[in-house]
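A short worksheet on the structure shown next.
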Amino acid sequence: MGDIAAVHKRSIEDRDGFWTEVAEGVDWIKKWDRILDDSGAPHFYRWYPGAECNTCWNTVDRHVEAGHGDRNAIIYDSPITGRQRKISYAELLDKVSRCAGMLTALGIEKGDRVIIYMPMIPQAVVSMLACARIGAVHSVVFGGFAPNELATRIKDAAPKAILTASCGLEPGRVIPYKPLLDDALDLAPGIVENVVVVARDEAEWELQAGRDHDWKSAMEAAAPADCVPVASTDPLYILYTSGTTGEPKGVVRDNGGHMAALKWSMKNVYDIDEGEVYWAASDVGWVVGHSYIVYAPLLHGCTTILFEGKPVGTPDAGTFWRVISEHGVSCLFTAPTAFRAIKKEDPEGTFIGKYDISCLRTLFLAGERCDPDTLYWAEEKLGVPVIDHWWQTETGWPMASNCLGIEPLPVKAGSPTRAVPGYDVQVLDDQMNEVPRGEMGAICVKLPMPPSCLPTLWNADQRFIDSYLADYPGYYKTGDAGYMDEDDYIYVMSRTDDIINVAGHRLSTGAMEEVLAGHQDVAECAVIGVADQLKGQLPMGFMVLKAGVDKDPSEIVKEVVALVRAQIGPVAAFKLATVVKRLPKTRSGKILRGTMASIADGKEYKMPATIDDPVILDEITESLQSIGYPKG
Ligand code: COA
Ligand code: AMP
């Protein structure tokens, strides 16, 4: 075992030496000129400049060439359809090469963008890797977003093609994707030249001649295409995530740094060996899905599980344990909300006893703060280390974790342990001084960020600077607030912006406010996150109606709930809203969202000194009580 403190120290003090060794874990077509190009400092850094590589080669071809073609690359397990499929590395190579050929035949070249709007089916992974193979830049859009959100991404990424499926499947519900996509394309006309559709048995789809193609026929007709060398610094993908306005941010990931960091993390953070079965129970539409369903396990020659289901209800709270025992999963990675859902259905963990899950060595949790109750429950019921770790779409891999492959440290509930090697995490006050241990501040990372972290935002260098680098010059602002203890353990407590975390999904309340404000009867509104036992947080809207509106407020509530679902998507889980006479504000007109959240959560709060009219808080309290808040 190593010494995590020493490894971390070296990663900061001997950066070039550390990242040179890490880079040896992957194959390069041409080695780098330098480890880090900091000529764009203090804003822009590029890892392994001058190097050439191919991410698809390292995730697929490399393992076949090394004689592991028979090993399972993907196990697709879909309790929702009852289907299962095992895809070996050799078979994956065949599919990915063909898909790459199909894209090439559609005129897609290196640097072109391709949107992938697919459910959790093997074709989604094949599509991502095929883009990587020819140097095209993929952008996967999560299926739970509405056409409007998809259209925003189409306009920003300007993809030449979209790869999709006829439908996604939610428990008890088929979601036809093609009509959603057609609506999005109507909202963003004249950009996309080709659409390829995977026909699923559960839904038919309507072909638009000249634009749409059937996946199966196009794949059969395609000639396999080889890996194209790309620069280490070329973009591999764009992943849109919630920003503080309705416009999502296009997080860019490069090829070389991303591969090096992710490959290294498999052994050093997760303690997984090549060939083991690794399962990230997330969705390919999220960063966890990109990094730990697709890229990292495949870079490491592991078998990855592609699970099309939910922790409960597909068919029951034992589905995770069935998958683990049936496929020999060594490490499970999911969000705490999944465990809260299981615990709610099966508090005694009776389903766990029905399966032999002795193959499971660890459970990693991320995506939201892990509440100690969930951590203790999982530890007790599973009898394996439960590791909370902290990261963001922007980083693509953990910023803080217990690095089990280097030196396991004692678990402290409520903390994702210490900064991962490569990250110089500091907690700062407004004057950019490190706050004393135990005191809250803004959690920042001293620049440069390590490999895999976003080099910029797609087509938005200035927004990148404004969002992350301007407030604390020389640092990356994570947007999270928290503290560090005497042992350097980090505690991530809340956001410093309007982002909320609903069932491990990152959402912008600002984006929801834009939708509410668009309702004809709404004069003013605010959306806040309120605590929820299952999903961690839920969005709640407050609306002040325009003078003279005499409609039943419950009708307006129904209408805005439907509007958010239609414009952002079901994933926003926006179901709580109330009409109020006024919104509480400071004298300078700032809405007191934090105070409203405290009232909704039944927490003590201090009367803000700058409040314009304290009586409004009583009105808010009454309004919340009318919809059952605070709970219990
Ligand atoms: N396509 C279309 N709709 C989708 C969708 C998709 N890909 N994914 C989710 N939705 C819909 C759901 O059907 C639901 O709609 P509803 O309001 O009609 O019920 C809504 O979006 C919210 O979905 P979800 O957040 O999944 O909530 P849920 O109530 O269906 O399930 C959990 C709750 C906790 C079981 C679920 O959120 C979960 O499994 N979370 C795991 C965490 C996770 O994967 N995090 C990712 C980061 S690690
Ligand atoms: P996303 O970009 O969707 O992965 O969301 C990132 C945000 O989720 C972080 O900035 C945190 O606010 C939150 N988050 C992720 N993991 C954790 C964790 N382990 N503990 C606390 N918050 C977390």
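Side chains are part of it too, since the values below use all heavy atoms of this structure and drop only hydrogens, waters and symmetry mates. All ligand and atom numbering here is 1-based and tracks the order in the structure. Model, not experiment: these values are computed from the prediction. Positions are given from 1 along the sequence.
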TODO: Consider ligand 1: state whether an atom of it lies below 4.0 angstrom from any non-hydrogen atom of Ala573.
DONE: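 No, that is not the case, since the closest heavy atom of the residue is not under 4.0 Å from the ligand.
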
Task: ligand 1 contact by Trp391, heavy-atom criterion under 4.0 angstrom - done: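 In this structure, Trp391 fails to qualify as a contact of ligand 1 - no heavy atom is under 4.0 Å.
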
Any atoms of ligand 1 less than 4.0 Å from a non-hydrogen atom of [X]? List them with their elements.
X	result
Ala503	25 (O), 37 (O), 42 (C), 45 (N)
Ser282	44 (O), 46 (C), 47 (C), 48 (S)
Pro311	35 (C), 39 (O)

Task: Set of residues satisfying salt bridge (charged side-chain N to carboxylate O under 4.0 Å, His left out) with respect to Asp488, sequence neighbours excluded - done: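 Partners of Asp488 under the salt bridge (charged side-chain N to carboxylate O under 4.0 Å, His left out) test: Arg437.
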
TODO: Say whether Asp77 and His327, considering side chains only, have a donor N or O and an acceptor N or O under 3.5 Å apart.
DONE: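 There is such a pair (donor and acceptor under 3.5 Å, judged by atom type) between the side chains of Asp77 and His327.
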
TODO: Say whether Asp371 and Thr374, considering side chains only, have a donor N or O and an acceptor N or O under 3.5 Å apart.
DONE: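 Their side chains do contain a donor-acceptor pair, which is all the 3.5 Å distance test asks for.
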
- [ ] May I ask you to identify, for Asn501, whether its side chain, its backbone, both or neither come under 4.0 Å of ligand 2 on a heavy-atom basis?
- [x]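 The part of Asn501 near ligand 2 is the side chain, not the backbone.
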
Starting from [atom], find the nearest protein heavy-atom neighbour and note its residue, name and distance.
atom	answer
atom 7 (N) of ligand 1	Gly144 N, 3.6 Å
atom 18 (C) of ligand 2	Glu368 O, 3.3 Å
atom 2 (O) of ligand 2	Thr393 OG1, 2.5 Å
atom 31 (O) of ligand 1	Lys310 NZ, 4.0 Å

Open item on the list: Asp480 versus ligand 2: do any nitrogen or oxygen atoms come within less than 3.5 Å of each other?
Closed with: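 The answer is yes, given that Asp480 and ligand 2 share an N or O pair closer than 3.5 Å.
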
Task: side-chain contact (heavy atoms from CB on, under 4.5 Å) involving Val492 - partner list, sequence neighbours excluded - done: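 Result, side-chain contact (heavy atoms from CB on, under 4.5 Å) vs Val492: Trp390, Pro416, Ile443, Asp480, Ile490.
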
Task: Side chain, backbone, both or neither: Tyr117 near ligand 1, heavy atoms under 4.0 Å - done: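 Looking at Tyr117 and ligand 1, no heavy atom falls under 4.0 Å.
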
TODO: Report the part of Pro119 in contact with ligand 1, treating N, CA, C, O as backbone and CB onward as side chain, heavy atoms under 4.0 Å; options are side chain, backbone, both, neither.
DONE: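 The answer is neither.
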
- [ ] May I ask you to check whether Thr334 has an N/O atom sitting below 3.5 Å from an N/O atom of ligand 1?
- [x]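 No: no nitrogen or oxygen of Thr334 is under 3.5 Å from one in ligand 1.
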
Open item on the list: My question is simple, although I want it checked carefully: is atom 36 (C) of ligand 1 less than 4.0 angstrom from any protein heavy atom?
Closed with: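 When distances to the protein are checked, atom 36 (C) of ligand 1 has no heavy atom within 4.0 Å.
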
Open item on the list: Using heavy atoms and a 4.0 Å limit, tell me yes or no: is Gly367 in contact with ligand 2?
Closed with: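 So Gly367 counts as touching ligand 2.
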
- [ ] Determine, stepwise, if the pair Lys412 / Asp485 fulfils salt bridge (Lys or Arg N to Asp or Glu O under 4.0 Å).
- [x] CA-CA 11 Å; Lys412 296 194 197 182; Asp485 74 6; 2.7 Å; yes

